[in-house]
Every structure is written in C-alpha cells, then in structure tokens.
Amino acid sequence: MDEKSLNFLEEIVEADLASGKYKSIITRFPPEPNGYLHMGHAKSICLNFGLALKYGGKTNLRFDDTNPVTEETEYVEGIKNDIKWLGFNWAQELYASDYFEQLYQFAVTLVTKGLAYVDDSSSEEIAKQKGTPTQPGVNSPYRDRSIEENLRLFAEMKEGKYKDGEKVLRAKVDMAHVNMHMRDPLMYRIKHTHHHRTGNNWCVYPMYDFAHGQSDAIENVTHSICTLEFVPHRALYDWFIEKLSIYPSHQYEFARLNMTYTIMSKRKLLQLVNEKHVAGWDDPRMPTLAGVRRRGYTPESIRQFCDKIGIAKRENLIDVGLLEFCVRDHLNKVATRRMVVFDPLKVVITNYPEDKSEILASENNPEDHDNPGSRDIPFGRELFIEREDFMEEPPKKYFRLAPGQMVRLKSAYIIQCNEVIKDGNGNIVEVHCSYVPESKSGSDVSGIKVKGVLHWVSASHALGVEVRLYDRLFKVENVSIAEGDFKDYINPESLSVLPNVYAEPAIAGATEMERFQFLRKGYFVLDKDSTKDKLIFNRAVTLNDMWAKEVSK
RNA sequence: UGUCCUAUGGUGUAAUGGUAACACUGCAGAUUUUGAUUCUGCCUUUCUAGGUUCGAAUCCUGGUAGGACAACCA
C-alpha cells in the first residue's frame with residue numbers, strides 16, 4: 001500500500017538492520033541550549049525520532065551543553081516544550097555535562113597514550129600553526145612535552161591553576177593533514193564560568209569535537225545524524241572513537257533546511273530578538289517553533305511538511321508556500337468556522353421588520369462530515385459585510401454585491417442591492433438591500449441561483465475583536481545570498497494590526513488552542529495577549545483566493 | 001589554487017543499469033451556500049564532454065557550477 005520510497009538514511013538503517021549490524025537503533029537529538037528551536041530543528045527532530053519510531057528504536061534528547069558562556073536553563077525548558085508540542089517523546093533526557101568527569105578521564109587516557117598534549121600557545125599562535133586549507137600547518141613548540149608533564153599540566157588546568165586562555169589540551173594528530181580539523185584540534189579550553197548545570201565545579205570544558213562523539217558512544221547511539229557542515233568533522237569523530245576504543249557510533253550528514261523569505265540561523269534569530277525587530281522568540285513571524293505555534297500552525301502540519309521536504313545531501317531552498325500548503329491542509333480539516341468582517345460596510349435590509357431578529361444556524365466545520373456541528377448566528381435588519389464585497393461599478397466576472405445584483409449571505413438569505421447611500425464627499429456609507437424571505441438557508445424555495453456568497457455579521461450583535469495579520473519576515477526570497485546586512489531586507493509590512501473588527505458573537509467561546517477559519521479571510525488562532533474584554537487573533541495563513549489572483553492580473 | 005560534499009521540471013523529492021515520476025507552484029476546467037475545500041486536465045525535468053554497456057539520471061574519466069572546511073562556537 002504505502003510504497004513511499006526511502007531516503008538515504010532509511011536505506012542505511014535498513015541495511016544495518018538487515019545485515020545484523022544492529023538489533024535496534026538509537027538516535028539522538030542534540031541541541032545546544034543557547035536559543036530556541038526553529039523549523040530546521042523540526043526537520044532534524046522528525047528525522048531522528050521518525051527513524052527510531054519507524055524501525056523500532058529509541059531517541060534520546062541530549063543537550064550539548066559544553067559551552068557555559070551561551071547556555072541557559074530557560075532554553076532547556078523551551079526546547080523540551082517544543083519537542084513535546086511537536087509530538088515526540090524522548091527515551092532519556094541527557095546532558096553532555098553529565099559526562100564531564102568521564103570525558104575528562106577519556107582525555108587523560110589520550111594524554112597517557114601520548115595522543116594529547118597541553119599547549120601554552122595563544123589562540124592567535126595556534127591559528128597560525130594551523131596553516132591554511134592549501135598549506136600544511138606546523139607543529140606547536142609544546143607538542144613534544146613528556147606524558148608526565150602533560151598529565152601534571154592538564155590536572156592543574158582542571159584544578160584552576162591557570163587563567164582562561166592560558167593553556168589548552170590538544171589532540172596530537174597531524175599538523176599537515178589535508179583536513180584542517182585533524183591538525184591537532186583543541187580538546188579542552190579553560191573557562192572560569194558558571195555552568196547552568198554543573199555550576200562552578202569545572203573550569204575546563206570539552207570542545208564539541210571531544211564531547212559529541214564520546215557522548216554518542218557512551219549512549220550507544222548507532223546513527224548520529226547531523227547537518228552537512230559537520231562532514232569534515234567526521235574523520236576526527238572516528239579518530240577519537242578509535243583511539244579511545246569506545247562504542248563505534250557513526251556520523252551521517254544531511255542537508256539543513258532553508259526556506260524562502262526567512263532565515264534559519266540561531267545567531268541571526270537571536271539578533272532579531274535582541275535588537276527588537278520582532279517581539280520575541282515567539283513572535284508569530286519567527287520561524288521558531290515557539291513562533292509558528294503562536295502563529296497557529298499545528299504540530300501535524302509541521303510534521304507533514306518535514307515529511308514532504310524529504311532528506312537528501314544537496315543544498316535546498318524550500319518554498320515557504322509548501323509549509324503554508326501543509327498548514328492549510330490540516331487546518332481546513334480541523335478549524336472551526338466563524339464569520340468576521342474586517343472592513344465593515346453597513347447593509348440595511350429595508351424589507352426586514354425593524355423590530356425583528358432571528359437566530360440562524362451555520363455549520364462549524366463542513367469538512368467534518370461525521371460531525372459538522374453548528375452554532376447560532378443572529379440575523380437582523382442591519383448587517384455588516386466586507387467593504388470589498390461591494391462595488392458600485394463591478395468589473396467583469398465580479399459576482400459579489402453591486403447595484404441590482406443578488407448575492408447570498410452565508411447561511412442566511414439572498415439579498416439584492418437597491419440603493420447606495422453616500423455622504424457629502426461621495427463616500428459610500430451604506431447600501432440598502434431587500435431580502436428574499438423564501439431563500440432562507442436550509443429551506444430555500446426561491447429557486448434563485450446566485451454565484452456570490454458573502455460572510456457577514458449582525459451590526460447590533462457584532463463583537464469587537466483584534467486581528468493581527470502577518471506577512472513574510474523578509475522581502476527577498478533567498479536572504480542568505482542577498483548582499484549586505486540581512487536586516488536590510490526585513491519586510492516593514494510583516495505585521496499589520498486591525499484593532500477592531502466585527503465578529504459574530506459565537507467567537508466569544510474561543511479557547512486558547514482552538515483553531516478557526518474566518519470565512520473567506522483565513523485561519524486564525526487566539527493569541528495569548530487576549531484579555532477578557534478583548535480577544536486577539538493571529539492569522540496563521542490566508543485562504544487560497546482565486547479572485548484576488550484574477551484581480552492582480 | 002588543496003581536500004571533501006553536491007548537481008533531475010519554477011521549488012523540493014523519487015526512479016538503486018531497463019518506459020523519468022510524485023508533491024508544491026503555475027495555467028485551464030467541473031462542482032460548490034466560503035471565488036475555500038474537493039475533482040479533472042495541462043505546462044515544465046536528468047549541468048556538460050567523453051567512455052563502459054544491447055541499454056546510463058544511475059557506473060567510470062575530464063570539465064563546469066554550487067556548497068563546506070583554517071572560532072579556546074556548536
């Protein structure tokens with residue numbers, strides 16, 4: 001039935017399982033707690049957890065917290081929350097910092113084997129020793145210290161005898177290696193800094209290269225999956241594992257996610273937050289999971305998106321339209337329908353009694369065929385429709401309201417426009433219509449067929465709410481190749497707030513994570529800024545709009 | 001002037017030596033009490049030059065193009 005082809009990692013896993021190399025697999029998701037997760041992480045999460053789920057293994061959450069300078073507990077909590085929200089459960093919650101003692105012993109082992117040494121060179125000197133990609137490096141003058149001296153010096157580093165930067169521990173590999181990462185890479189550096197978990201217990205901290213593979217090995221990770229920029233690290237990853245004779249985890253790399261009109265760099269996203277170009281990590285314009293969640297995107301839609309984009313090793317730039325498609329696709333199935341008029345134009349039904357009003361019913365979700373549900377909508381003599389749904393001189397193919405033209409008010413009656421009322425300046429202030437009593441929705445015996453169907457609200461029952469509409473965060477499709485500062489390309493119109501729009505009264509029952517479709521306007525979600533007196537809705541995405549497309553032609 | 005990775009419609013991703021396909025986008029049409037949804041159809045593809053082979057998107061060689069690599073970041 002489901003003959004979906006495998007991506008290259010699934011092929012590797014299947015081959016490893018088939019050959020008996022592993023009985024089951026262990027993957028891990030290894031964020032550094034120095035920021036919030038974004039859509040790129042979602043791709044990695046779906047991959048790592050998805051693999052384990054598909055092939056009956058497990059996935060650990062491991063915080064790669066080896067740099068105390070940038071890491072904070074706030075981020076740890078945010079990350080855990082985001083993963084759970086996406087719908088995944090980790091087998092174990094682990095921290096690289098849990099392994100500091102063991103990592104230290106690993107380092108001692110390498111020193112003892114003559115494979116690591118303490119270097120007094122400054123970072124500038126070390127950089128110089130490294131050479132360039134086309135020129136071999138040269139040995140450090142400290143490279144040939146005795147094992148005993150190295151042991152003593154490294155112990156002293158750990159004990160806090162030296163200041164930051166005074167000494168480092170380096171692996172003794174090959175300063176002439178074609179791979180820059182193999183030219184005696186740093187294993188440990190001194191940082192007299194408070195760590196979010198180990199406090200002041202340590203003043204030497206392992207580098208990524210001396211923590212990641214070792215952590216994988218400690219946890220018996222079978223498939224350690226990371227992004228392409230780590231390809232050159234793989235040789236080192238394997239080297240440490242081999243020299244330490246520890247569990248042989250293997251590293252595999254895939255291409256990271258790039259999306260049009262946004263950025264996926266933690267560093268740059270942090271900049272947007274710090275410099276207040278956005279309201280925070282959870283600003284609905286941000287590609288962070290906190291942002292898209294607040295925007296109203298669902299975990300289901302994000303998982304579907306991650307499934308659709310696939311996994312490969314070539315650079316990519318995914319059209320954000322695909323994400324929006326996934327969001328619409330899911331929201332269409334689950335969103336509660338409501339009518340909200342953004343830019344009101346008063347309609348007076350002149351043949352409807354002034355003192356009369358009635359309650360009509362409308363389905364909550366026509367896509368839910370088993371249980372569409374229904375809510376009450378008040379109808380009266382004075383209504384609001386969308387100003388753009390009326391034109392005095394309509395163009396061809398316009399089948400909304402116009403003088404003499406008939407339209408249906410959704411779930412109510414067919415009306416005909418008889419008169420346009422203007423103020424002294426010629427602005428339209430209201431339109432007078434007559435309704436067809438026998439055209440009532442559900443019991444229409446009028447025999448009249450109309451093409452246009454409008455959303456509307458009763459003027460006297462309408463509830464004032466705020467809507468926040470979002471557009472792309474950047475003006476250019478590919479922000480990363482745009483010249484100059486990426487911030488120059490921020491879209492100044494990415495947010496527009498409509499502080500008071502007119503909603504049908506049933507909106508009052510909105511709950512926090514309930515998704516809505518405002519008919520013909522888009523998908524919305526209640527924002528956390530809402531108060532009892534003022535509901536605020538974020539627009540996740542617009543509806544497809546063929547008419548808008550037609551007009552723009 | 002190094003090493004490594006990559007190259008399939010506009011964008012992604014498949015095809016695992018045997019008819020290049022799927023999704024998104026775009027275009028056209030049908031249905032529709034949301035110009036939504038749904039449905040149908042159409043447009044558009046193997047970087048290049050050689051080689052191996054009965055047969056190459058796939059294997060080999062050269063070229064070209066893009067990316068990664070020289071943080072006491074991860």
Side-chain angles (χ1 to χ4, degrees), chain A residues 4-7 11 30-32 34 64-67 69-71 119 121-123 126-137 164-170 177-181 183 186-191 205 207-209 211-212 226-235 253 255 260 266-267 308-326 328-329 332-333 337 339 362-363 366-367 397-400 407-412 414 439 441-442 444 449-455 477 517-522 542-551:
Chain A
K4 197 164 177 289
S5 52
L6 305 178
N7 65 51
E11 285 181 356
E32 184 189 10
N34 65 347
D64 229 335
D65 55 350
T66 57
N67 184 1
V69 178
T70 55
E71 296 154 7
D119 195 330
S121 305
S122 68
S123 63
I126 289 177
K128 203 174 279 177
Q129 291 161 18
K130 286 233 173 181
T132 70
T134 53
Q135 283 177 309
D164 289 11
E166 225 177 308
K167 286 180 165 48
V168 292
L169 184 73
R170 287 227 255 173
H177 203 287
V178 288
N179 183 342
M180 295 293 290
H181 291 272
R183 321 242 262 227
L186 267 63
M187 294 165 61
Y188 270 89
R189 78 286 216 192
I190 300 170
K191 278 181 195 283
Y205 292 94
M207 299 288 292
Y208 166 86
D209 286 304
H212 204 98
C226 59
T227 47
L228 248 26
E229 62 269 29
F230 290 97
V231 168
H233 293 251
R234 192 172 61 230
E253 311 87 9
T260 56
K266 248 198 231 178
R267 205 193 85 244
K308 279 185 173 311
I309 58 177
I311 299 294
K313 297 186 76 159
R314 70 183 96 128
E315 299 289 322
N316 59 75
L317 181 63
I318 310 267
D319 189 339
V320 72
L322 181 62
L323 212 208
E324 292 173 344
F325 165 81
C326 295
R328 288 191 188 101
D329 192 47
N332 175 50
K333 296 185 184 89
R337 269 58 171 178
M339 294 199 283
S362 189
E363 71 274 17
E367 297 296 316
K397 288 197 273 185
Y398 184 84
F399 45 83
R400 276 114 101 140
V407 296
R408 172 173 292 281
L409 296 176
K410 170 72 180 170
S411 296
I414 291 173
S439 68
S441 188
D444 184 354
K449 287 266 176 264
V450 293
K451 228 148 179 228
V453 178
L454 309 185
H455 64 282
E477 204 170 56
Q517 183 195 104
F518 293 173
L519 256 58
R520 307 206 296 140
K521 300 307 267 184
T542 60
L543 261 33
N544 282 327
D545 189 346
M546 291 308 285
W547 174 244
K549 228 172 249 173
E550 184 71 31
V551 169

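Every chain is numbered from 1, with letters handed out A, B, ... down the list of sequences.
If you take CZ of A/Arg314 and C1' of B/A14, they are 9 Å apart, rounded to a whole angstrom. If you measure from atom CD1 of A/Ile318 to atom C1' of B/U13, you get 9 Å, rounded to the nearest angstrom. The nearest whole Å value for the distance from the OH atom in A/Tyr205 to the P atom in B/A74 is 12 Å. One atom, CD of A/Glu324, and another, C1' of B/G12, lie 15 Å apart when rounded to the nearest Å. Taking atom NZ on A/Lys451 and atom C1' on B/U32, their separation rounds to 10 Å, with Å as the unit. The separation between A/His177 atom NE2 and B/C4 atom P is 11 Å, rounded to whole Å. Taking atom CG of residue A/Leu186 and atom C1' of nucleotide B/C73, one finds them 12 Å apart after rounding to whole Å.
Straight-line distance between the C1' atoms of B/G55 and B/G17: roughly 8 Å, to the nearest whole Å. Atom P of B/A28 sits at a distance of 15 Å from the matching atom of B/C43, rounded to the whole Å. Across the P atoms, B/A20 and B/A15 are found 16 Å apart, a figure rounded to whole Å. The same atom, C1', is picked in B/U44 and in B/A23; the two are 15 Å apart, to the nearest Å. Taking atom C1' on both nucleotides, B/A57 is separated from B/U6 by 15 Å, rounded to a whole Å. When the P atom is compared between B/G50 and B/A56, the two are found 14 Å apart, to the nearest whole Å. A gap of 27 Å separates the P atoms of B/A65 and B/A71, to the nearest Å. A distance of about 49 Å separates the C1' atoms of B/A74 and B/G35, rounded to the whole Å.
The salt bridge (charged side-chain N to carboxylate O under 4.0 Å, His left out) test applied to A/Asp164 returns no partner, not counting sequence neighbours. Taking A/His177 as the reference, nothing meets the ring pair (Phe, Tyr, Trp, His ring centres under 6.0 Å) condition, with sequence neighbours excluded. Contacts of A/Glu363 classified as salt bridge (charged side-chain N to carboxylate O under 4.0 Å, His left out), with partners at least two apart in sequence or in another chain: A/Lys410.
Here A/Glu229 contributes atom CD and A/Glu253 contributes atom CD; the two are 10.0 Å apart, rounded to the nearest 0.5 Å.
Residues A/Met207 and A/Tyr188 come closest through the heavy atom pair CG-N, 4.3 Å. The two atoms that bring A/Arg337 and A/Pro366 nearest to each other are NE-CD, 3.8 Å, heavy atoms only. Scanning all heavy atoms of the two residues, the minimum distance from A/Asp444 to A/Ile414 falls at OD2-CD1, 4.2 Å.
Between A/Arg170 and B/C72 there is no side-chain N or O to OP1 or OP2 distance below 4.0 Å. Residue A/Thr66 has no polar side-chain atom (N or O) positioned under 4.0 Å from OP1 or OP2 of B/C73. Close to B/U37, at under 4.0 Å from its OP1 or OP2, lies no side-chain N or O of A/Arg337.
When heavy atoms are screened at a 4.0 angstrom cut-off, A/Tyr188 is found touching no nucleic acid atom at all. Across all strands, A/Gln517 comes closer than 4.0 Å to base atoms (heavy-atom distances). Using a 4.0 Å heavy-atom criterion, one finds that A/Tyr398 contacts the bases of the nucleic acid, with or without backbone contacts as well. Using a 4.0 Å heavy-atom criterion, one finds that A/Val453 contacts the sugar-phosphate atoms exclusively. At a threshold of 4.0 angstrom between heavy atoms, the contacts of A/Gly137 with the nucleic acid are absent. A/Leu454 comes within 4.0 angstrom of no nucleic acid atom, judged by non-hydrogen atoms across all strands. At the heavy-atom level, A/Pro31 lies nowhere under 4.0 Å from the strands shown. Among the protein residues, A/Ser121 comes within range of the nucleic acid bases, having at least one heavy atom under 4.0 Å from a base atom. Residue contacts for A/Arg183: at a heavy-atom cut-off of 4.0 Å it reaches no nucleic acid atom on any strand shown. Here A/Leu317 lies in heavy-atom contact (under 4.0 Å) with sugar-phosphate atoms only.
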Can you name the atoms? Protein N/O to nucleotides 24-27 of chain B N/O, anything below 3.5 Å, with the distance.
{"residue": "B/G26", "atom": "OP1", "partner": "A/Lys549", "partner atom": "NZ", "Å": "2.7"}

Output one line per pair: protein atom, nucleotide atom from nucleotides 67-71 of chain B, and distance, for all N/O pairs under 3.5 Å.
{"residue": "B/G67", "atom": "O2'", "partner": "A/Glu315", "partner atom": "OE2", "Å": "3.1"}
{"residue": "B/C69", "atom": "O2'", "partner": "A/His181", "partner atom": "NE2", "Å": "3.4"}

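Ring-plane geometry between A/Tyr208 and A/His233 is classed as perpendicular, the angle between the planes exceeding 60 degrees on a 0 to 90 degree scale with a lower cut at 30.
In this structure, the aromatic ring of A/Tyr208 is not positioned over the six-membered ring of the base of B/A74 within 5.5 Å between centres and 30° between planes.
Nearest-nucleotide assignment on RNA chain B puts the 5′-proximal partner with A/Thr134, out of A/Asp64 and A/Thr134.
If you check distances only, the side chain of A/Ser411 never reaches the base of B/U33 with a donor-acceptor pair under 3.5 Å.
Stem regions annotated for RNA chain B: B:2-7 with B:64-69, B:10-13 with B:21-24, B:26-30 with B:38-42, B:47-51 with B:59-63, counting only runs of 3 or more consecutive pairs of Watson-Crick or G-U type with both contacts under 3.5 Å.
Taking the charged nitrogens against the carboxylate oxygens, A/Asp545 and A/Lys549 have no contact shorter than 4.0 Å, which rules out a salt bridge.
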